[in-house]
Every structure is written in C-alpha cells, then in structure tokens.
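A quick write-up on the structure given underneath.
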Amino acid sequence: MKNPALLLLICGTAWTAPALMPLPAHVSLGEGKLTIDSSFSAHISGYSDRRLEAAVARLTAKISRQTGVPFTGGEKSALVIECREGGAEYPSVDEDESYRLEVTRGAAHLSAATVTGALRGMETFSQLIAADADSFSVPAIDIQDRPRFPWRGLLVDVARHWMPIPVIERNLDAMAAVKLNVFHWHLSDDQGFRVESKVFPKLHQLGSDGHFYTHADVRRVVDYARGRGIRVVPEFDVPGHTTSWLVGYPELASAPGPFHIERKWGIFEPTLDPTREEVYTFLDGFVGEMASLFPDEYFHIGGDEVLDREWRDNSAIQAFCKKNGFKNSGELHAYFNRRLQAVLRKHGKKMIGWDEVLSPGLAAGTVIQSWRGQQSLAEAARKGYRGILSYGYYLDHMDSATFHYKVDPLSGQASQLTSDQAARILGGEACMWSEYVTEETVDSRLWPRAAVVAERLWSPASATDIESMYARLEITSRWLDWSGVQHRSGYPRMLERIAGGPTNPALQLLAETVEAQGIGGRQDSRQYRSDIPLNRFVDAARPESESVRCVSETLARALADPAQHRQEIDELRRVFNEWSGNHARLRPWISRSFLLREVAPLSEDLSRAGTIGLKALQYLESGERAPAQWLAEQTAEMTRMEQPRAEVVLAAARPVKTLLDAVSKASLGAGQAPKTGSRGNDK
Ligand code: ACM
C-alpha cells in the first residue's frame with residue numbers, strides 16, 4: 001500500500017486493499033474471492049421480518065445497479081443472512097448494531113444479533129464488490145464489526161432552503177450506506193416552519209411559503225429511515241429562531257408584531273415570551289401533536305442563539321424576572337427550558353438541545369449537542385448529562401475532509417474525562433445548515449465528506465491515517481452514486497447552465513481546481529437572502545478539490561526525491577501544461593454568459609499558475625539556480641492568487657506555491673538542487 005508507484009494510481013482509482021468506509025473494527029483478509037455474476041442471490045436464514053426482507057431486496061437491486069449485472073436467482077445462494085432477532089421495532093440509541101461478515105471462495109455469511117446489525121453488514125458487503133481482472137467479486141475476508149459510538153447523526157436544515165422528500169430519501173440511503181444512524185431534521189427556523197400542524201395550522205399555512213411536509217410525508221420519511229436503521233430526531237428550535245412561528249401566532253412573542261417570514265440570514269430578535277402561561281399551553285398542544293408523529297424518544301428543542309433584546313425591552317418580562325429572582329436573561333432561558341422539559345416529559349420525550357441549554361436544573365437524561373466548542377461537551381459529561389459533538393463537523397463551513405477527520409468526540413477537553421464520564425458522550429452529528437445550500441447543491445456539500453465523519457464515529461479511534469482515508473474516500477464517493485445521491489452527477493449540469501451551452505471541458509477543469517467557500521466566506525460578500533439564486537460558479541464548485549489534492553500528493557513525492565520520481569515530474573508537467581493553456585480555451589465563452597463573467601480572473605490565474613509551475617519544475621529538474629527576483633515575484637503572485645475571489649479559492653495555487661518554496665530553498669542552497677537529468681521544458 002505504501003508503494004509509491006501505486007500511490008500515483010490512487011489519485012485515479014486503484015487501491016488494492018478493500019476500500020471500506022467506515023473502516024470495520026476487525027478485518028482479516030483471506031485467500032481468493034467470491035465471484036458476483038448473474039447467479040448471485042441473497043437469502044435469509046432463520047429469523048425474518050418485513051424490514052429484513054425489504055432490506056435484502058434493496059441490497060440485491062443495489063448490487064445489480066452497481067455491477068450492471070441482472071440477477072437471475074441461481075440455485076446456490078452467494079450471501080446468507082442470519083439474524084438472532086428483529087431488535088427494536090423502532091431503532092433506539094442503545095441498539096446492538098454489531099455484525100460478522102465471512103466471505104470465502106464459495107459463499108458469504110452475514111450474522112448479526114439484530115436486523116439493524118444485518119443492515120450495517122449488508123452495506124459492507126455491497127462496498128466490498130469491485131471489478132477485478134476477471135469479474136466482479138468480493139475478496140475472501142472475515143469482518144467483525146461494531147460501532148464505537150451509538151449516536152452517529154446528520155443534521156439537515158430544511159428551514160433556510162426547502163428540501164423536498166426525494167432529496168431527504170436519497171440522503172437517507174447515503175447515510176445508511178456509511179452507517180450513520182440519526183437523521184436530525186431541523187424543521188423550523190426564522191425563514192420557515194416546515195411541518196403541517198393540524199392543531200395550530202397557521203404555523204405551516206403562514207410560516208412556510210407553501211413548503212412544508214404533511215403528516216403523511218413525515219410518516220413516510222420516518223418509515224423510510226426506520227427501514228434503514230436510522231432514527232429521526234425532529235428539531236423545533238425555541239425560544240429564539242422563531243420568526244416563522246410568530247407570523248401566524250404573534251401573541252406568543254416577546255414584542256408586538258406583526259411578523260413576516262425572515263428572508264435574510266443571521267440571528268434575529270423575535271423570541272417566544274417565556275413568562276406567559278399561554279406559551280406553555282401552546283407548546284403542550286404542539287409537542288403533543290408532534291410527539292405522536294415522531295416516534296423517537298428524543299425531541300430537539302434547539303435553544304441556541306437566543307437574543308434577549310426583546311426580553312430586556314419588555315417591562316412585563318422584566319417584572320417577571322424580578323419577581324422570580326432571575327438575575328439575567330440566561331436564568332430566564334433556563335426557566336423556559338425547565339418548563340419545556342416538563343412538557344416533553346408529559347408527552348414521553350427526552351430533551352436534546354444545543355449547548356446553550358446547559359444550565360442548572362436540567363433533568364438528568366438531557367442530551368447536550370455541542371456546537372460552540374468541545375469544552376461544553378466535556379462540561380456536560382462531568383455534570384452527568386449525555387452529549388454529542390457537532391463542533392468541528394459543520395459541513396456547510398466547507399472545510400477539508402482532513403479537518404473533519406481529525407475531530408474526535410473524545411479529544412480536547414473530553415480527553416480528561418473519567419471513563420464513566422466519557423461513556424456519556426454518545427457520539428456526534430455532522431451538520432448541514434442550508435443558508436448557502438439548495439436542494440440542487442446539498443448532495444455535493446454533504447458527500448463525500450459526511451463519510452469521514454461517519455468513519456470517525458463508527459470506526460476505532462486508531463483509524464487516523466489520512467492517506468488511507470483519502471484513498472478510500474475517493475472510491476467511496478463513487479460508490480455512493482449507487483445510493484442515488486447526486487454529489488457527482490449534478491455538477492456537470494450546473495456547469496452547463498453557467499456556460500449557457502454544452503459540456504465545456506475548460507470550465508470543468510477550472511471548476512475542478514477551485515474550492516467553494518463556506519458560510520464564513522460568503523456571508524459578508526453580498527447581501528444574500530433566501531430569494532437570491534444559488535446558481536453561480538461557487539455553487540457548482542466542490543468543497544475540496546480532489547484533483548488538486550492529487551497534484552499536491554504527486555508533488556510531495558517528487559520533492560522527496562526528484563531523481564527517483566521522474567514519472568511524477570512528468571505527470572506534474574502534464575498538469576501544469578493543461579492549466580497553462582486552459583484560459584485560452586475558456587476565454588471565448590466567458591463573455592457569452594452572465595454567470596461566467598466572474599470567473600475570468602480565476603481562469604487567467606489558473607493559466608498563470610500553470611506557467612509558473614512549468615518554469616519552477618524546470619529549475620527543479622535542471623538544478624539551475626532560480627533568480628531571487630523571479631522567485632520573489634512569483635511567490636507574491638501565488639500569495640495573491642490564494643485570496644478568495646467570486647467566493648471560491650483557487651486551490652491550484654497551493655501546489656505551485658509549495659513547488660516555488662522548494663525551488664527557493666534549493667536555490668538558496670547555492671545550486672544544490674538534485675538533478676534528474678535535463679528534459680527541458682515543454683513550453
Ligand atoms: C447553531 O449552529 N446555531 C446550532
């Protein structure tokens with residue numbers, strides 16, 4: 001696996017070990033393989049139920065899609081699935097998800113204590129299928145697997161941008177593929193209230209612009225998720241983030257209305273009034289209705305980012321605080337949480353809230369979701385509460401897979417916890433806030449990076465090898481296509497729309513060498529609102545450039561020992577040449593489309609970076625000393641190019657800057673750069 005010749009291929013396709021993500025707890029490779037051909041079939045042995053039967057039918061259909069092989073149902077069964085029992089009717093946080101998968105030349109055997117365990121093992125089986133020189137096959141292997149953490153979630157915000165049911169369902173399939181088991185459905189916020197309420201119909205009628213899930217929709221999603229061993233935790237964020245509630249029910253507010261659905265992004269002042277009994281009567285009716293729709297034992301009440309201006313400006317609220325001895329708004333918020341907790345308890349629900357809800361008097365059993373830092377997770381665990389981590393897992397920030405992979409729920413302050421305290425940390429959730437994400441782009445912001453969070457939460461803590469992670473991620477990303485998510489397939493269509501014409505290879509190449517900025521890089525640059533289209537180059541661009549990462553890896557090997565890595569140097573020359581000529585190919589298109597105009601400076605810079613890279617490569621190869629002034633000027637150019645424009649970063653600048661640094665060091669060393677033999681420059 002460490003063979004450098006092979007590594008060159010990994011940034012394309014070839015990885016010799018099974019490309020499993022998340023990595024199983026124990027893997028032992030055997031000899032030989034199990035061929036997957038049209039005679040393949042899967043059978044249940046022993047315990048069976050409708051959920052298991054449906055899952056086996058889905059697995060067979062998925063393998064058929066994955067391989068293109070129609071299964072004719074041969075005599076012999078290739079995969080036997082054996083469960084001890086069904087497990088809980090609705091998945092629970094302490095469900096046994098373990099499984100064992102044994103594959104030999106003749107057959108595969110999957111055994112699990114519960115149907116949920118079997119579901120996890122079936123995904124592993126599907127992920128093991130690859131084409132070899134003769135056929136599709138699964139390697140002989142013995143896998144014994146179970147999750148490190150029981151709560152492995154994904155939050156999707158459907159309030160800022162509406163996400164229709166097919167988007168939710170295909171992402172549930174992708175979640176199941178990488179063994180995520182909690183769908184955290186962020187259903188209300190200032191910009192939208194997204195569930196039909198029969199008890200308080202003005203919530204969805206006036207608060208949603210017509211984009212809401214009916215009760216039948218919710219039941220369908222819950223059932224779809226249950227079939228895949230995924231819990232659905234609804235979030236209704238209170239007492240802040242509630243503008244959309246107040247459009248129909250202004251009497252719940254802390255300040256006079258009227259209220260309108262919020263169109264901008266940010267944190268807003270409208271807030272429920274925690275001092276009025278009618279608010280708790282309303283919440284009682286509302287939670288009662290939602291509790292019967294959502295079977296999960298947990299109910300997320302939000303509780304984050306509560307602005308208290310309306311509380312401070314309201315004399316009745318201030319009088320209430322004085323009478324009850326509340327010294328500040330935090331104590332009023334804590335009072336609200338305690339009252340709400342009693343409502344949840346009445347309806348059989350346990351409370352989960354963002355880390356702002358951590359305050360004295362919270363009932364035991366509350367789950368704290370840390371988003372502002374790891375410290376609150378540790379603090380919650382020390383105080384006896386259970387917790388999950390989301391800090392470091394905000395996928396809408398568009399950080400790299402490496403960044404997210406390095407965040408561990410038991411690191412930071414949590415590493416100081418006793419084992420009893422650490423056991424209260426249930427896992428974590430990746431978050432996809434949707435200010436800058438639409439139903440068209442959400443898949444490409446979630447995948448493949450959510451898979452590395454899934455691995456962090458499922459696999460042993462010792463799974464930390466970045467090189468292995470990327471090699472497997474690249475393959476997993478392609479495999480996820482078969483689950484139906486459109487993170488790869490939706491992108492060329494968006495580029496065609498931007499170009500206003502057929503597939504444009506020069507635009508595609510440019511898009512593959514940039515990285516989209518996340519919420520932090522977008523919120524200040526223009527006045528975004530919910531009615532501004534997200535159809536720009538930045539929206540088509542992906543969070544992390546796979547092709548530039550490959551260039552950087554190739555460069556790292558070349559720099560380690562140029563004389564031994566001629567193949568890498570040739571590859572770099574090919575890439576820099578391509579970059580160098582790209583702007584000439586794209587230029588004729590740029591003025592034809594208004595959506596393309598903003599990419600002109602980026603396109604020019606990509607070509608400039610390619611030209612600088614070629615020259616630097618020439619110095620590296622020849623051992624000739626680069627003039628100091630040239631080095632200084634080009635380094636300044638690359639520093640300039642690294643600045644975001646059009647809300648994307650030109651990732652291609654990174655390896656060229658690294659190469660210049662290396663040439664600079666070699667030149668300072670008085671012409672001691674290693675020679676690889678003079679091949680000249682292609683240009
Ligand atoms: C949050 O990101 N406000 C939970």
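Both counts, for ligands and for their atoms, begin at 1 and track the order of listing. On a predicted model such as this, the values are computed, not experimentally measured, just so you know.
Considering backbone and side-chain N/O atoms, Glu305 comes within less than 3.5 Å of an N/O atom of ligand 1. For ligand 1, one of its N or O atoms has an N or O atom of Tyr394 under 3.5 Å away. Ligand 1 has no nitrogen or oxygen under 3.5 angstrom from a nitrogen or oxygen of Trp354.
Counted by atom type alone, Ser359 and His333 present zero donor-acceptor pairs between their side chains at under 3.5 Å. For the residue pair Glu429 and His184, a side-chain donor N or O sits within less than 3.5 Å of a side-chain acceptor on the partner.
Evaluation of the salt bridge (charged side-chain N to carboxylate O under 4.0 Å, His left out) rule for Arg386 yields no partner, not counting sequence neighbours. Listed by chain and residue number, Asp308, Trp311, Arg312 satisfy the side-chain contact (heavy atoms from CB on, under 4.5 Å) test with Ser329 (two or more places apart in sequence, or in another chain).
Ligand-side atoms of ligand 1 in range of Asp304: 1 (C), 3 (N), 4 (C), range being under 4.0 angstrom from any heavy atom.
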